[in-house]
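In what follows, every chain begins at residue 1, and chains take the letters A, B, ... in the order their sequences are listed.
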Amino acid sequence: MSDAEEGRLERLTGMLKRRGIILPAFEIHGGAKGLYDFGPVGGRLRNKVNQAWLNHWISMGNIVEISCPTITPYAVLEASGHVGEFSDFLTDCNSCQEASRADTLLEPHHPNPDSLTKDDLQQLLSNANPQCPACGANDWSPIVAQNLMFNTTIGAGKSGRPGFLRPETAQGMFTSFSALYRHNRERLPFGAVQVGKGYRNEISPRQGMIRLREFNMAELEYFIDPEVETDHDFSQWSSIQMNLLSDNDGEITMSISSAIEKGIIRHSTVGFFMAKTFDFLTNIGIDSSKLRFRQHESDEMAHYATDCWDVEILGSYGWVECVGIAHRGCYDLEAHENATGKTLRARREFAQPKVVEIDGWTTDGATVGPAFRALAGAVKNAVEQLPSTSQFPAQITLDNGESVTVNLEHVKRVQRTESISGEWYIPHVVEPAFGIDRIIWHLLDHAYHESTKGEEEYVTLRLNESVAPVDYCVFPLFEKDGMGQMARDIHKSLCSKSATVSIYDASGSIGRRYARADEIGVPICITVDHQSLQDNTVTLRDRDSGQQSRVPIAEL
RNA sequence: GCGGAUAUGGUGAAGUGGUAUCAUAGGAGGUUUCCAACCUUUUGCCGGGGGUUCGACUCCCCCUAUCCGCACCA
């Protein structure tokens with residue numbers, strides 16, 4: 001970063017703090033790393049970005065909003081792979097209190113302790129009871145999962161269950177898949193969105209808002225049938241050249257639809273959400289020339305993804321990943337199915353029912369059971385694999401390698417015709433995941449505009465009006481002759497409109513008040529002057545151009 | 001986690017072993033017919049904890065936070 005850019009960054013963060021947009025949290029107690037407050041101006045900014053995000057997706061018509069807890073039982077994140085991928089298992093030496101990684105301690109006792117579940121590690125630790133490398137004792141506390149997820153205990157005392165604060169909102173969408181599927185009348189594609197907090201106990205939070213320990217995230221899970229080629233309409237983006245950083249082809253500029261045709265974007269639904277994401281970001285004020293899509297290299301991909309594009313935005317900290325659009329395949333639903341034994345599937349009806357001729361053998365339970373006892377199940381499986389032409393008695397090799405003699409009395413001929421109308425499958429998921437704090441940072445960074453007025457430094461925050469925290473400022477030119485009262489009345493009537501925020505300000509010169517409004521990005525200032533008293537008009541002053549126009553109060 | 005720098009009103013800075021100065025911002029009043037003007041007045045600061053000392057914002061130790069490298073990063 002150059003000195004000039006560093007100076008700008010310092011002035012920007014100073015302004016954000018001074019004007020109550022973004023401030024270090026708990027500062028009177030010394031502060032806390034990676035935690036920030038959105039202040040009296042920033043709180044509303046955050047809310048408007050969240051709302052714009054929700055509206056953007058819900059308006060697609062087949063996307064619903066849900067809200068799941070941030071406190072998440074251990075089993076959920078174990079199933080999703082987060083416990084294995086995100087945690088180290090630690091145990092404390094009860095003698096010297098030194099913490100050690102359980103998998104490291106157990107390396108002499110297991111070929112690959114890193115691959116073990118927590119319960120298996122605990123078992124192995126209890127049995128092997130290795131020496132403490134620090135003090136030589138053999139007395140270990142119970143294993144706890146620790147590191148990138150915040151541990152907690154759900155419930156008190158012996159009934160407490162281990163859990164975590166969620167590291168992403170996505171899992172809630174997967175665990176409530178059945179309700180979503182039913183709500184959507186069992187038809188795909190559909191999506192679910194969630195906006196909320198996520199938590200990661202980062203080793204080293206840095207760069208202000210960029211890496212946080214508690215952060216605002218917004219995720220969309222879009223469930224699709226992998227066998228249906230969806231025909232997305234890309235016509236509205238056909239003339240927009242996107243900046244793409246492809247894994248194989250490097251830096252290229254082309255439309256989303258061409259990138260899909262050329263196979264650079266590997267899935268058209270991923271491409272569709274890239275285009276929709278481009279719209280969202282530019283609609284709220286991200287500079288499109290400072291936005292690019294970067295494809296993950298295969299070795300960089302998260303443990304669940306099969307194709308992934310990040311949206312990176314250029315700001316004071318360089319190119320920063322702000323959105324990830326991942327094709328997660330069936331990874332998550334399958335993982336939760338395997339862990340719970342519940343069905344998380346959708347049904348696909350065949351165009352023509354499949355007619356299946358079944359012609360073979362099965363076992364007669366009444367004779368096979370007593371004859372083969374524990375092996376009866378394996379015998380059944382083996383017999384059902386036999387061709388219809390088989391002769392009995394027959395010598396059969398079971399799955400476990402054992403050989404048995406099956407007589408005619410043990411088997412039954414099976415001959416029937418079945419009609420199968422469809423099948424169950426695990427939907428695939430395309431997930432656009434947004435880091436709201438990082439996006440807000442870049443909105444502010446891109447909007448922050450320094451100039452000089454005469455001798456003085458002048459700051460304008462050119463926020464898009466869809467996210468500007470304050471919609472209007474109302475100023476009486478002077479607070480006398482009834483101008484003050486008239487301005488107050490206008491202010492009150494603006495405040496009474498839903499989703500409208502107005503500030504009344506009568507202190508300081510009019511220029512000073514405009515400057516204060518410009519600094520927090522108020523798009524329109526309304527001024528009551530002497531003429532207002534005569535004809536009930538006021539001046540509207542545009543933030544970016546400084547242009548004024550006169551309109552009747554009734555038309556505000 | 002390692003190495004380096006830093007921490008003084010809301011913000012930006014100065015300074016001293018005897019409780020602190022300046023600019024700017026904020027409040028109140030005045031003045032001004034539209035872009036940080038002016039006058040009067042007022043509020044507000046030594047990151048936290050130990051130690052040395054008659055006395056510590058200042059010297060020493062520890063902690064916390066911030067910034068910059070390195071490492072980590074779904």
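- Distance from the side chain of A:Phe478 is smallest to B:U32 among B:U32, B:U66, B:C35.
- Counted within 6.0 Å of NZ on A:Lys492, heavy atoms from surrounding residues, nucleotides or ligands total 12 or fewer; the atom is thus considered open.
- Considering only heavy atoms from C-beta on, A:Pro476 comes within 4.5 Å of A:Arg513 through its side chain.
- For B:U19, the O4'-C1' to base torsion is within 90° of 0; the nucleotide is therefore syn.
- A gap of 16 Å separates the P atoms of B:G26 and B:G12, to the nearest Å.
- For the pair A:Ile21 CD1 and B:U11 C1', the interatomic distance rounds to 14 Å; values are reported in whole Å.
- Taking only distance into account, the side chain of A:Arg200 meets the base of B:A74 through a donor-acceptor pair shorter than 3.5 Å.
- Between B:A37 and A:Ser509, a contact under 4.0 Å exists linking OP1 or OP2 to a side-chain N or O.
- Put simply, CD on A:Glu27 is 12 Å from C1' on B:U11, counting in whole angstrom units.
- A:Tyr504 and A:Phe475 have their aromatic ring centers separated by at least 6.0 angstrom.
- As rounded to whole Å, 14 Å separates atom P of B:G29 from atom NZ of A:Lys480.
- Using the Watson-Crick or G-U wobble rule with both distances under 3.5 Å, B:C70 pairs with B:G1.
- Contact check for A:Ile325 versus A:Cys308: no side-chain heavy atoms found under the 4.5 Å cut-off.
- You'll find the ring centres of A:Trp441 and A:Tyr317 inside the 6.0 Å limit.
- Rounded to whole Å, the C1' atom of B:C61 lies 29 Å from the corresponding atom of B:A13.
- In this structure, A:Asp310 atom CG and B:A74 atom P are separated by 10 Å, rounded to whole Å.
- Nearest to the side-chain atoms of A:His530 among the listed nucleotides B:A65, B:U33, B:C34 stands B:U33.
- Within residues 546-556 of chain A, the residues having any heavy atom under 4.0 Å from RNA chain B are, by residue number, A:Gly546, A:Gln548.
- For A:Arg516, a side-chain nitrogen or oxygen approaches OP1 or OP2 of B:G26 to under 4.0 Å.
- Rounded to an integer number of Å, the gap from CG of A:Asp37 to P of B:U66 is 13 Å.
- Taking 4.0 angstrom as the limit, A:Lys17 places a side-chain polar atom (N or O) nearer than this to OP1 or OP2 of B:U11.
- Projected onto RNA chain B by closest heavy-atom contact, A:Gly30 and A:Lys453 fall at different nucleotides, the more 5' of which corresponds to A:Lys453.
- For the ring-ring contact (aromatic ring centres under 6.0 Å, His included) with A:Phe273, the qualifying choice from A:Phe280, A:Phe278, A:Trp57, A:Phe434 is A:Trp57, the only one to do so.
- Across the interface with RNA chain B, nearest-nucleotide mapping of A:Tyr514 and A:Tyr199 shows A:Tyr514 to be the residue nearer the 5′ end.
- Put simply, CG on A:Leu540 is 13 Å from C1' on B:C34, counting in whole angstrom units.
- Contact check for A:Thr460 versus A:Arg543: side-chain heavy atoms found under the 4.5 Å cut-off.
- Checking B:C68, B:C35, B:A36 against the side-chain heavy atoms of A:Glu519 singles out B:A36 as nearest.
- Atom pair A:Arg11:CZ and B:A25:P shows a separation of 17 Å (rounding to whole Å applied).
- Side chain A:Arg512 to base B:C35: no donor-acceptor pair is found below 3.5 Å.
- Distances shown here put a side-chain N or O of A:Ser507 below 4.0 Å from the OP1 or OP2 atom of B:G27.
- No more than 12 heavy atoms of other residues, nucleotides or ligands sit less than 6.0 Å from atom CD of A:Glu465.
- Summarising the geometry, the separation between CG on A:Leu16 and P on B:G10 is reported as 18 Å, rounded to the nearest angstrom.
- Of all nucleotides listed (B:A74, B:G10, B:A36), B:G10 comes nearest to the side chain of A:Arg18.
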